[in-house]
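One structure below.
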Amino acid sequence: MAKAVYIHIPFCASICTYCDFAKVLKNEKWIDAYLKALKQEIKINYQGEIINTLYIGGGTPSTLSLQQLETLFNILKIFKLSKNVEITLEANVEDLTQEKLEFLKNKINRLSIGVQSFDDKILKLLGRKRVDKSNLILAKKYFNNINVDLMYGFNEENLDILKEDINMLLNLDIPHISTYSLILEPHTKLYIDNYQLLDDSTENERYIEKTLTKHGYIHYEISNYAKKDFASKHNLTYWNNDNYYGFGLGSSGYLKDERYENENNLMKYLNGTFIKEKHKLTKLETIQNEFILGFRKLKGINKNIFKDKYGLDIKDIKVIDELLKQSFLKENNNYIFINHKYLYLSNEILVKFLDNDLLK
Amino acid sequence: MKQENIRNFSIIAHIDHGKSTIADRILELTGAISEREMQSQLLDNMDLERERGITIKLNAVQLQYGKYTLHLIDTPGHVDFSYEVSRSLAASEGAVLVVDAAQGIEAQTLANVYLALENNLTIIPVINKIDLPNADVPKVKRELMDTFGFSEDEIILTSAKTGKGIKELLDAIVERIPAPLGSAHGKLKALVFDSHFDSYKGVVALVRIVDGKLKVKDKIKMMATGAVHEAVELGIYTPKEKQTDELVAGEVGYISGSIKSVRDIKVGDTITLENDPATDSLPGYKPMKPMVFCGLYPLESSKYPDLREALDKLKLNDAALEFEPETSKALGFGFRTGFLGLLHMDITLERIRREFGIELIATSPSVIYRVTKTDKTVIDVDNPIKMPERQKILKVEEPYIKTNILVPSDYIGPVMELCQNKRGNYVSIDYLDKTRVNIHYEIPLSEIVYDFFDKLKGMTRGYASLDYDLIGYKESNLVKMDILLNGEIVDALSIIVHKDFAYKRGRAIVEALRKQIPRQMFEVPIQAVIGSKAIARADIKAMRKNVLAKCYGGDVSRKRKLLEKQKEGKKKMKMVGRVEVPSEAFLAVLSMEEE
């Protein structure tokens with residue numbers, strides 16, 4: 001039973017140099033058609049479950065006009081929402097005008113703002129607009145629950161820029177911060193321009209972790225920090241390897257034992273081809289995903305939940321046992337988790353779970 | 001066929017002097033194969049042989065030349081395989097000695113001629129490649145006359161490339177090489193000079209019938225092993241297989257008899273008839289002992305039975321190959337494998353990889369050391385881990401060889417320096433003529449096993465050729481050096497080394513390992529130690545970090561792909577304790593860079 005819904009809005013006012021998501025430059029005549037197709041897709045596939053989290057991502061959903069947003073939220077009325085539902089909308093700073101915030105106030109309860117950096121040089125590199133801090137201050141008046149995305153690992157960056165960025169977020173008292181090192185994905189401008197990444201961003205990560213935890217943030221996922229009770233419920237669905245719906249261009253979903261990916265060609269999507277491919281997971285793959293995703297959480301994987309889910313004692317898995325012995329993994333009463341010392345080398349640990357004989 | 005019209009001969013030559021091309025021309029001229037069928041160098045039918053331009057396995061082909069029946073028995077041209085040369089020669093009455101018109105006599109020329117003389121063969125000297133622009137026929141003639149005492153008119157000039165002189169050569173073969181002795185009416189004595197395994201016929205033995213007659217369905221007996229089989233099929237190679245009803249004294253052919261185990265047919269054994277046996281066997285050969293040993297381990301431990309099967313199969317065709325199971329703490333189950341030399345080792349490893357698809361880890365090659373313990377018992381040590389504790393050792397001896405290094409006299413200086421650096425003792429220098437010398441040194445075999453040959457070739461621009469004889473054991477100041485990875489001894493990396501060279505060796509190995517082993521999640525110290533004393537150390541710095549990617553809804557499949565790729569890269573790695581070691585690193589001991 002899926003209790004989470006992701007909605008993708010692919011439109012952007014401009015295209016960032018690092019982005020490889022399903023996105024298109026905003027074009028009014030497509031937006032209406034898109035919302036119509038989206039409505040159709042949801043109608044066909046939604047099974048009527050009670051939804052705990054609804055996440056509207058992009059692209060840039062905040063770039064839609066008030067009228068378009070109105071249409072979108074009317075479509076979303078189809079979902080049966082639980083009392084404590086978390087509804088997130090991704091937004092760019094420049095869209096956070098009083099008018100839009102006023103409109104969103106009663107529609108959503110969480111904002112995820114793509115800031116990336118406050119530094120003009122970096123923003124220019126990323127192809128993003130300058131950050132108007134007054135919009136952030138305004139947003140804080142409307143919403144308690146705010147996430148800001150922050151990026152690091154630029155060649156031009158020195159620790160000073162990162163310090164400045166973090167300070168800014170601390171001053172604004174943003175309760176949730178997502179941090180990522182820049183990654184060059186094929187088909188992005190930075191990749192094509194052969195941009196040179198910072199060799200080693202270990203120092204940056206150490207600084208982020210040290211500073212944020214000192215200021216009361218909980219490092220709850222490898223890239224995410226939250227003040228108490230502000231962890232993203234929706235994203236935890238992913239990391240807990242639970243089911244979720246994905247609607248919209250290029251989105252993906254996970255229903256029962258099937259993962260699917262949506263069409264990422266806009267024209268095809270508008271013409272009613274929604275799902276591009278489905279993949280039925282074997283038990284092995286499901287358990288492997290449980291590890292790949294679950295070990296992103298610093299708390300780790302809950303032994304009892306694992307047993308309930310898979311009918312299998314997690315410690316009966318040989319690799320787990322070996323990694324515990326080698327102290328790459330650790331455990332407490334309820335959880336098994338990556339030794340914090342090796343958190344930033346987690347790929348080296350996760351790769352061991354790809355073994356086909358994992359369950360033997 | 002009449003026995004008096006049979007001629008059995010081999011062709012012997014230094015590597016690259018044109019042996020296989022001459023064989024090809026002979027095959028063409030005798031009509032054994034048409035030009036169209038001619039796949040260059042037909043006798044080299046193993047891919048590896050053709051690729052490397054060397055012959056490894058011998059072949060025997062029957063040819064018709066006028067009223068004569070010729071058996072051409074091919075020979076390998078590399079020092080590692082001189083044993084196989086001697087086998088071919090034992091089945092022949094004559095040898096065609098091929099010398100390159102530009103290169104002249106080389107080290108293997110000498111070695112092969114001595115082998116032929118030991119076997120009382122008639123030798124026909126041939127100067128080949130006379131069409132080359134840098135051919136110096138008069139000079140090479142002089143060398144042949146001075147070195148071996150041939151007379152000028154005995155020497156035949158050929159160009160195997162153009163076919164010039166091949167007819168003269170064939171005429172000389174039938175005129176000069178004697179017909180085989182032995183009687184068709186005597187009791188059967190057939191010398192097994194090679195065998196191979198055929199998946200349909202079982203073991204196929206190549207034989208030279210010395211006395212008597214062998215017919216299909218005869219019950220045959222191996223005189224050394226006592227095994228009895230039925231001769232199910234007899235035949236000759238033309239070079240295509242051609243079945244015959246019988247093989248008679250003087251002839252060369254093959255026998256198969258549903259023989260499943262190659263151990264039942266020992267190369268060098270004599271075959272006789274079960275119901276009418278000969279009283280004594282032919283001299284056979286003294287089996288050549290492997291001189292170089294290394295551990296062979298499958299990269300995936302589950303392939304251990306496959307590796308055993310591969311070695312068993314190769315052994316069918318390769319009597320010199322020896323192996324026995326061994327275990328390494330670092331590498332698991334494998335085999336200590338003995339080879340004639342480094343090339344033999346190289347080729348065997350390559351064949352296991354290619355023909356059997358098994359990825360291998362080979363440990364560094366070792367010779368057999370002879371250790372006298374304080375209690376006066378003497379043991380052979382072919383693996384450094386078998387070395388007794390230092391307190392229990394009275395003395396250690398190692399095998400020495402005496403070199404024939406043939407080189408233009410301009411290079412005497414550098415070659416002597418090289419030999420000196422390899423712990424060589426000078427013996428003498430012989431002048432072949434004014435410009436060419438034969439340099440004799442006594443050098444520990446273990447030094448030759450490493451990079452001696454490559455170095456020699458390099459510093460003489462390829463002009464030097466090397467051959468050597470084992471001359472026995474000499475005492476040396478040898479110690480066992482262990483390599484510690486992350487504080488633990490890796491048994492597969494231990495070597496035995498001369499004490500005076502230990503420090504330099506240790507540093508070079510540690511440095512090579514540091515370069516070859518990728519960064520791990522933690523810092524890994526590498527140490528070279530003798531006993532408990534560390535003599536060299538390097539550290540592999542800890543890996544700093546993985547790229548931190550976001551991972552939301554659809555990203556799990558992307559993440560999986562990334563991890564799959566990473567896993568692929570790890571396939572060539574072996575876990576040694578907590579350290580992932582690439583398989584090549586186990587040969588790090590070989591990568592000795594000179595300072």
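Given the structure is predicted, the values throughout are model-derived calculations rather than measurements. Note on naming: letters A, B, ... go to the chains in the order of the sequence lines (proteins, then strands), and numbering restarts at 1 for each one.
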Query raised in the report: Counting heavy atoms not belonging to Y46(A), are there more than 12 under 6.0 Å from its OH?
Result: yes
Query - Approximate separation, where rounding is to 0.5 Å, of I292(A) CD1 and D555(B) CG - result: 12.0 Å
Query raised in the report: Would one find more than 12 heavy atoms of other residues, nucleotides or ligands at under 6.0 Å from atom CZ of R206(A)?
Result: no
Query raised in the report: For K341(A), is it the side chain, the backbone, both, or neither that has a heavy atom closer than 4.5 Å to a heavy atom of chain B?
Result: neither
Report task. Using non-hydrogen atoms and a 4.5 Å limit, figure out which bit of E205(A) sits close to chain B: side chain, backbone, both or neither. Result -> side chain
Report summary line: Okay, N262(A) and chain B: the region with an atom under 4.5 Å from a heavy atom over there is neither
Report task. State whether the number of non-hydrogen atoms from other residues, nucleotides or ligands found under 6.0 Å of E258(A) atom CD is greater than 12. Result -> yes
Report task. Could you check if a side-chain atom of I349(A) sits within less than 4.5 angstrom of a side-chain atom of M521(B), using non-hydrogen atoms only? Result -> yes
Query - E488(B), CD: over 12 other non-hydrogen atoms inside 6.0 angstrom - result: no
Query raised in the report: Is the number of heavy atoms from other residues, nucleotides or ligands within 6.0 Å of NZ (K386(B)) greater than 12?
Result: yes
Query raised in the report: Do other residues, nucleotides or ligands put more than 12 heavy atoms under 6.0 Å from the CZ atom of F337(A)?
Result: yes
**Report entry** Proximity breakdown for N235(A) and chain B, heavy-atom pairs closer than 4.5 Å
**Finding:** side chain
Query raised in the report: Parallel under 30°, tilted from 30 to 60°, perpendicular over 60°: which one fits the rings of F328(A) and F522(B)?
Result: parallel
Report summary line: When the 4.5 angstrom heavy-atom criterion is applied to L345(A) and chain B, the contacting part is both
Query raised in the report: Say you draw a straight line from CZ of R560(B) to CD of E285(A); how long is it, rounded to the nearest 0.5 Å?
Result: 5.0 Å
Query raised in the report: Can you say whether Y245(A) sits under 4.5 Å from chain B via the side chain, the backbone, both, or neither, judging by heavy atoms?
Result: neither
Query raised in the report: At a heavy-atom separation under 4.5 Å, does L354(A) approach chain B through its side chain, its backbone, both, or neither?
Result: both
Query raised in the report: Would you say H279(A) and S557(B) make side-chain contact, with heavy atoms under 4.5 Å?
Result: no
Report task. Check S178(A) against Y552(B) and note the closest heavy-atom contact, atom names and distance. Result -> OG-OH, 3.9 Å
Query - Contact leader toward chain B among H234(A), E261(A), R259(A), E221(A), where contacts are heavy-atom pairs under 4.5 Å - result: R259(A)
Requested in this report: Please test R558(B) against D20(A) for side-chain contact (heavy atoms from CB on, under 4.5 Å), starting from the C-alpha separation and ending with a verdict.
Outcome: CA-CA 12 Å; R558(B) 187 191 296 212; D20(A) 76 330; 3.1 Å; yes
Report task. Give a yes or no on this: more than 12 heavy atoms of other residues, nucleotides or ligands lie within 6.0 Å of atom NZ of K278(A). Result -> no
Query raised in the report: So which part of S251(A) gets closer than 4.5 Å to some heavy atom of chain B, the side chain, the backbone, both or neither?
Result: neither
Query - Closest contact, heavy atoms only, N347(A) versus L563(B) - result: O-CD2, 3.8 Å
Query raised in the report: Going by distance alone, is a donor N or O of one side chain under 3.5 Å from an acceptor N or O of the other, for E348(A) and Q520(B)?
Result: no
Query raised in the report: Can you say whether Y238(A) sits under 4.5 Å from chain B via the side chain, the backbone, both, or neither, judging by heavy atoms?
Result: side chain
Query - Engaged part of Y244(A) at the chain B interface, taking heavy atoms whose separation is under 4.5 Å - result: side chain
**Report entry** Structural part of K567(B) lying under 4.5 Å from a heavy atom of chain A
**Finding:** both
Query raised in the report: Does Y207(A) OH have over 12 foreign heavy atoms under 6.0 Å away?
Result: yes
